[in-house]
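Some notes on the structure that comes next.
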Amino acid sequence: MKNKTITIISLALVLLLAGCSFQPVKSLVGPPITGPQRAEFSETRKNLQQLPSPRGKIVAAIYSFRDQTGQYRPSPASNFSTAVPQGGAAILASALQDSGWFIPLEREGLQNLLTERKIIRASQKKPDTPNNHSDTLAPLLAANVLLEGGIIGYESNTKTGGIGARYFGIGGFEKYQLDQVTVNIRAIDIRSGQILSSVTTSKTILSRELSAGVYRFIDYKRLLEAETGYTTNEPILACLTQAIERAVIELVADGIQKNLWSLKNSQDSNHPTLTSYLENS
């Protein structure tokens, strides 16, 4: 009878686990799982889009914007996953386009672009050429400025701290940690190779943990134990994006100050976005 009861209980547990494998697990606490959403605009992105208009847009080429830190995530998370995202060139191209000051050219995937142009030229020699490929291909647009640089620093534990207290087994604590990501962008004159402007910006990454609990005996051989808490971490991608966007704003402001490029309206030299970034640079 005992063995039969154990078998029934074991079978019930197996069925329960099998059922759980096909059902989404719902947490008792915490935010619900949501679908994909569009990324929220940061204050830096808003400042980037509010820059005054240029006299003429700058045609810029970006061949790469690599992670030059060589930093990996600490163990045991992964020894093969990098600490910062690897899409720096895509973020920079988006920031340049949003600024309204640059015309970014595709250079990171240049080989793919050239291959497609070869395919079009080959199809134009055939009698059944599609209408969208019948016209002669225009030459690729040449850049006036080459943008170089990359993610040059990722520092962990630049600042840590916390506070906590416990009295008769009841208490809590709070801990925080600051990391920092640093990027550099250089504008280079393609004809001379001269570095026209170089800007470096940093963004801190905040991680915070808050916890509270109770641990005490309420009676002989009766222990009460409870714990609650939460952890928040700033997304590294969002912090990297803000650092690159700020670098683009400072690049524009620095170029205006050095007369490398000019504003459409000279009165915009006192634009609040430009003056605030020049004062803090």
Side-chain angles (χ1 to χ4, degrees), residues 36-48 60-99 102 104 107-109 145-163 174-188 195-211 229-254 276-278 280-281:
Q37 300 176 355
R38 185 171 182 176
E40 296 182 0
F41 282 2
S42 63
E43 190 66 28
T44 312
R45 173 67 65 86
K46 295 176 182 177
N47 293 337
L48 185 68
I62 312 168
Y63 280 84
S64 66
F65 197 80
R66 298 181 297 103
D67 171 22
Q68 302 175 10
T69 66
Q71 294 289 336
Y72 289 88
R73 292 185 180 181
S75 299
S78 176
N79 288 328
F80 301 97
S81 180
T82 55
V84 295
Q86 302 298 292
I91 299 173
L92 177 58
S94 178
L96 293 174
Q97 201 162 32
D98 290 341
S99 70
F102 296 90
R107 290 294 185 264
E108 191 175 28
V145 172
L146 175 64
L147 295 181
E148 289 285 350
I151 307 165
I152 61 174
Y154 184 83
E155 306 297 332
S156 300
N157 299 332
T158 57
K159 185 182 292 186
T160 59
I163 187 173
E174 180 182 6
K175 297 189 297 184
Y176 73 89
Q177 173 183 319
L178 284 179
D179 301 337
Q180 181 173 278
V181 61
T182 305
V183 301
N184 172 265
I185 299 179
R186 301 185 302 277
I188 303 171
I195 298 178
L196 303 175
S197 178
S198 178
V199 296
T200 301
T201 59
S202 299
K203 174 68 175 70
T204 57
I205 305 169
L206 174 63
S207 301
R208 182 185 178 193
E209 180 183 357
L210 180 64
S211 179
Y230 70 90
T231 302
T232 57
N233 300 290
E234 278 192 289
I236 298 179
L237 178 60
C239 295
L240 175 62
T241 301
Q242 292 178 38
I244 293 176
E245 289 170 348
R246 180 182 177 89
V248 172
I249 296 175
E250 292 194 8
L251 186 68
V252 171
D254 186 60
S276 63
Y277 277 82
L278 286 174
N280 296 326
S281 61

Query raised in the report: Roughly how far, to the nearest 0.5 Å, is CD of Glu108 from CZ of Arg66?
Result: 10.5 Å
Query raised in the report: What are the two closest non-hydrogen atoms of Asp67 and Gly70, and how far apart are they?
Result: OD1-N, 4.1 Å
Report summary line: Minimal heavy-atom distance between Ile151 and Pro85, with the atoms involved, is CD1-O, 3.8 Å
Report task. Evaluate the side-chain proximity of Phe102 to Ile62: yes if any heavy-atom separation is below 4.5 Å, no if none is. Result -> no
Query raised in the report: Where the side chain of Thr69 meets the backbone of Gln71, is there a donor-acceptor pair that is under 3.5 Å apart?
Result: yes
Query raised in the report: Can you name the side chain to side chain donor-acceptor pair (under 3.5 Å) partners of Ser94, sequence neighbours left out?
Result: none
Query raised in the report: Do you know the tightest heavy-atom contact between Gln242 and Ser42?
Result: CG-OG, 3.7 Å
Query raised in the report: Is the side chain of Asp179 donor-acceptor paired with the backbone N or O of Asn157 at a distance under 3.5 Å, no angle test?
Result: yes
Query - Glu174 side, atom CD; Leu210 side, atom CG - distance, nearest 0.5 Å - result: 5.5 Å
Report task. Tell me, with the steps shown, if Arg45 and Thr241 meet side-chain contact (heavy atoms from CB on, under 4.5 Å). Result -> CA-CA 9 Å; Arg45 173 67 65 86; Thr241 301; 4.1 Å; yes
Query - Side-chain touch Lys203/Arg246, heavy atoms, less than 4.5 angstrom - result: no
Query raised in the report: To the nearest 0.5 Å, what is the distance between OG1 (Thr204) and CD (Glu234)?
Result: 6.0 Å
Query raised in the report: Is a side-chain donor or acceptor of Thr201 paired with a backbone partner of Ala243 at a separation under 3.5 angstrom?
Result: yes
Query raised in the report: At what distance, to the nearest 0.5 angstrom, does CG of Leu92 lie from CD of Gln97?
Result: 11.5 Å
Requested in this report: Return the minimal non-hydrogen interatomic distance between Arg107 and Ala61, and the atom names on each side.
Outcome: CG-CB, 3.8 Å
Query - Ser207 to Asn233 - nearest heavy-atom pair and separation - result: OG-OD1, 2.9 Å
Report summary line: The side chain to side chain contact (heavy atoms under 4.5 Å, CB included) partner of Ile205 among Thr158, Ile236, Leu240 is Ile236
**Report entry** Phe65/Ile244 under side-chain contact (heavy atoms from CB on, under 4.5 Å): CA gap, chis, key distance, verdict
**Finding:** CA-CA 10 Å; Phe65 197 80; Ile244 293 176; 3.8 Å; yes
Query raised in the report: Passes side-chain contact (heavy atoms from CB on, under 4.5 Å), Asn184 versus Ser198? Steps please.
Result: CA-CA 7 Å; Asn184 172 265; Ser198 178; 3.2 Å; yes
Query raised in the report: Does Gln180 offer a backbone N or O that forms a donor-acceptor pair with the side chain of Glu155 under 3.5 Å?
Result: no
Query raised in the report: In Å and rounded to the nearest 0.5 Å, what is the CD to NZ distance from Gln177 to Lys159?
Result: 13.0 Å
Query raised in the report: Taking all atoms of both residues into account, what is the closest heavy-atom pair of Ala95 and Leu48, and its distance?
Result: O-CD2, 3.3 Å
Query raised in the report: Would Tyr63 and Leu146 satisfy side-chain contact (heavy atoms from CB on, under 4.5 Å), going step by step from the backbone distance to the final call?
Result: CA-CA 8 Å; Tyr63 280 84; Leu146 175 64; 3.6 Å; yes
Query raised in the report: Partners of Asn47 by side chain to side chain donor-acceptor pair (under 3.5 Å), sequence neighbours excluded?
Result: Tyr277
